[in-house]
Participant: 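Before anything else, here's the structure in question.
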Amino acid sequence: MTPEITCCFTGHRPQRLPWGDNEADLRCQAVKARLTRAVAEAYDQGYRHFLCGMAQGADLYFCQAVLHLKAQHPGVTLEAAIPYEGQADHWPPADRLRRQRLLNQCDLETVVQHHYTKGCMLRRNRYMVDRSSLLIAVYDGTPKGGTMNTLAYALRQGVETIILDV
């Protein structure tokens, strides 16, 4: 896919979200609604390929929003960008099952590297940004961490960014 029609995502894991893993929280529901709108707006602007890092928390919200869009627009494709093969090995069983259900609906899975290394998440994030011209982020403004690093990298690369505040 070409960057002109590709949109990627970055966002926080549950431990960095004010509601943790309580997706019934009204704040979480509001972020999910804004994310669904942002994905639909990206589609309206011509984006057809979406890249998701498949981490717990906001990544999986994005994945679900894209799958919802895909159900309405068959030309949409979703790529799972997996940092390493064992990404979910230590997740709680319910989270692993949810991730697998979502992966089963993706059009493409790209495993960036076989084994965990200190820089594998960074490599996955750069893989996504380097192939995109739009980045949607769920970000709380914290001046450190993977989400901030991905946003900063996207800005340096000239990738348009949309930030959805937590």
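What you see below is based on every heavy atom in this structure, not just the backbone, and it leaves out hydrogens, waters and symmetry mates. Please read all numbers here as calculations on a predicted model, not as lab measurements.
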Participant: Are Arg131 and Glu79 close enough for a salt bridge, meaning some N to O gap below 4.0 Å?
Facilitator: no
Participant: Taking the six-membered ring for Trp, are Tyr84 and His114 closer than 6.0 Å centroid to centroid?
Facilitator: no
Participant: Regarding Gln72 and His68, do their side chains bring together a donor and an acceptor under 3.5 Å, going by distance alone?
Facilitator: yes
Participant: Has His90 got more than 12 heavy atoms of other residues, nucleotides or ligands less than 6.0 Å from its NE2?
Facilitator: no
Participant: How far apart are the closest heavy atoms of Pro18 and Val166, and which atoms are they?
Facilitator: CD-CG1, 3.1 Å
Participant: Will you find, in the side chains of Tyr47 and Ser133, an N or O donor that is under 3.5 Å from an N or O acceptor?
Facilitator: yes
Participant: With a 4.5 Å heavy-atom cut-off, do Thr142 and Met148 have their side chains touching?
Facilitator: no
Participant: For Arg124 and Pro83, work out which heavy atoms get closest and say how close.
Facilitator: NH1-CD, 3.5 Å
Participant: Between Gln87 and Gly53 (side chain of the first, backbone of the second, donor and acceptor by atom type, cut-off under 3.5 Å), is there such a pair?
Facilitator: yes
Participant: Could you work out, with side chain to side chain donor-acceptor pair (under 3.5 Å) as the rule, every residue matching Arg123, not counting sequence neighbours?
Facilitator: Gln113
Participant: Looking only at heavy atoms, which two atoms of Ala154 and Thr161 are closest? And how far apart?
Facilitator: CB-CG2, 4.0 Å
Participant: Could you tell me which non-hydrogen atom of Val138 sits nearest to which non-hydrogen atom of Thr147, and how far apart they are?
Facilitator: O-CG2, 3.8 Å
Participant: Measuring from atom CD of Glu160 to atom CD1 of Ile136, what distance do you get when rounded to the nearest 0.5 angstrom?
Facilitator: 9.5 Å
Participant: Answer with yes or no whether the side chains of Thr77 and Asp107 bring together a donor and an acceptor at under 3.5 Å.
Facilitator: no
Participant: Decide whether Tyr61 and Leu164 are clustered together by the hydrophobic rule: side chain heavy atoms of Ile, Leu, Val, Met, Phe, Trp, Tyr closer than 4.5 Å, transitively.
Facilitator: yes
Participant: Closest approach of Leu51 and Phe62, non-hydrogen atoms and distance?
Facilitator: O-CE2, 3.4 Å
